[in-house]
Amino acid sequence: MKTLLKKLTETFSPSGYESAIRDVIRAEVAPLADEVRVDALGNLIVRKGKGGKKIMVAAHMDEIGLIVTHIDKKGFVRFTGIGGVYPRNLPGGRVRFVNGTPGVISIEPADKMTESQPLEKCYVDVGAASDEHHPLKIGDVAGFERPFLDLGARWVAKSMDDRIGCLVAIETLRALKSTPNEVYFVFTTQEEVGTRGAETSAYGIDPDLGFSLDVTGWGDTPGQKYFEMSLGKGPAIKIKDGGMLSDPRIVDWMVTTAEKHGLPYQREVLLGGTTDARAMQLVRAGVPVGCISIPCRYVHSPSEMVDASDVENAVKLATALLSQPVEL
Ligand code: CO
Ligand code: ZN
């Protein structure tokens, strides 16, 4: 599982540029699936089983990144974020552009050392002396560069959001020997810019119900306030986030299944942010949805951290949910 996670998290695929990660996932799932296809927005749709309830399970395969807005005369590159990019997480970091060009991020000095700077004060230095023969142009896209780090019980990577959800989906598909349901594992595109891939894939699949697999926040580090979630206490069953109320019948289904199988879980109320489940819930005439979340520290930084046991228990919970007939 760790070898696959390293490969998944170290692959560069910012939103809209998911072809590299799609190739990695497709190679992994093809031998396990009954059908694999790619839709117009690049979503990888993987079916297992036929007949019964149509269940959509979404994990997004894109990651946050940068896009070039301007290159100045001295060759410094200005950019804007693709998805939620926070300036405080950037200085000293490294990026790699889709065309292979590496660079380092820095920031203009603030008037006071303690002041935080907006994104407009950040720039990428690719080692160019001027804008002539520059390796980049406006619109070029980069992902963050940071190798996977194995801390034993905890794993760290630049794109745990949401390659950890992709890993849970892949391992669930592997564990799902048979199912009375028609399960669609969807590795979605463009989640970080507004759950766009989930919207079109859910419309195409027209599921009876579904859930997303994504990261959530944490409350167990110094100074964190108002959030119950901890690493290592089990995957979270989402009740509410910034964009969605889970269907209570889906929450019940998840809680009952977790308790029946003796699996740890946490109840999640997330104050901001949302997942692919929001798009699935609002597609066509509406779909009952929920979400299994992996608690993750330092979300949207180059060092996002999860607990290995939460990941393993998320796979067990998702497998138990999908192996049985579903009556809401
Ligand atoms: Co995210
Ligand atoms: Zn995510």
Side-chain angles (χ1 to χ4, degrees), residues 5 8-9 11-18 21-22 25 41-44 56-67 80-90 93 95 119 141-144 146 155-170 185-199 201-202 210-218 227 229 231 235-238 240-244 246 268 270-281 289-307 310-311 314 318:
L5 183 60
L8 291 171
T9 53
T11 301
F12 286 89
S13 284
S15 310
Y17 296 79
E18 295 93 352
I21 186 67
R22 187 169 52 240
I25 297 173
L41 253 72
N43 297 293
L44 180 67
M56 176 166 164
V57 181
H60 69 89
M61 57 181 173
D62 62 319
E63 64 189 295
I64 57 169
L66 311 176
I67 184 164
T80 188
I82 292 186
V85 172
Y86 308 122
R88 67 172 182 276
N89 292 335
L90 298 181
V95 292
L119 204 57
V141 165
F144 297 96
R146 198 68 68 102
W155 299 331
V156 181
K158 62 155 173 84
S159 57
M160 214 52 99
D161 175 12
D162 184 30
R163 305 288 160 72
I164 198 66
C166 296
L167 180 76
V168 171
I170 294 167
F185 293 94
V186 185
F187 300 89
T188 63
T189 56
Q190 300 192 39
E191 188 273 351
E192 295 291 358
V193 290
T195 63
R196 294 173 190 170
E199 195 170 327
S201 54
F211 58 88
S212 58
L213 296 165
D214 209 331
V215 298
T216 186
W218 76 101
F227 199 63
M229 214 68 56
L231 266 60
I237 294 173
K238 190 187 292 289
K240 181 192 186 299
D241 65 23
M244 184 189 80
S246 296
E268 177 196 350
L270 182 66
L271 301 181
T274 196
T275 74
D276 278 341
R278 175 193 161 84
M280 290 156 65
Q281 188 175 48
V289 299
C291 171
I292 300 174
S293 306
I294 312 295
C296 181
R297 288 180 185 165
Y298 324 124
V299 178
H300 287 204
S301 85
S303 296
E304 301 172 326
M305 182 189 293
V306 299
D307 186 282
D310 293 340
V311 178

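Numbering of ligands and ligand atoms starts at 1, following listing order. In this text the structure is predicted, and so the values were computed from the model without any measurement.
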> Which of these passes side chain to side chain contact (heavy atoms under 4.5 Å, CB included) with Thr275: Asp241, Thr195, Thr216?
Replying inline: Asp241

> With Met160, which of Val311, Val299, Leu5 fulfils side chain to side chain contact (heavy atoms under 4.5 Å, CB included)?
Replying inline: Leu5

>> Closer than 2.8 Å to the Co ion (ligand 1), what protein N/O/S atoms do you find?
In response: Asp161 OD2, Glu192 OE1, Glu192 OE2, His300 NE2

> Can you name the N/O/S atom of Asp214 that is nearest the Zn ion (ligand 2)?
Replying inline: OD1

>> Can you tell me which N/O/S atom of Asp161 has the shortest distance to the Zn ion (ligand 2)?
In response: OD1

> Strictly by modelled atom types, are Glu192 and His300 linked by a side-chain donor-acceptor pair under 3.5 Å?
Replying inline: yes

> For residues Ser293 and Glu268, is any side-chain donor paired with an opposing acceptor at under 3.5 Å?
Replying inline: yes

>> Return the CG to CZ distance between Asp62 and Arg163, rounded to the nearest 0.5 Å.
In response: 7.5 Å

> What distance do Tyr298 atom OH and Trp218 atom CH2 have between them, rounded to the nearest 0.5 Å?
Replying inline: 7.0 Å

>> Surrounding CZ of Arg22 (heavy atoms of other residues, nucleotides or ligands, distance under 6.0 Å), is the total greater than 12?
In response: yes

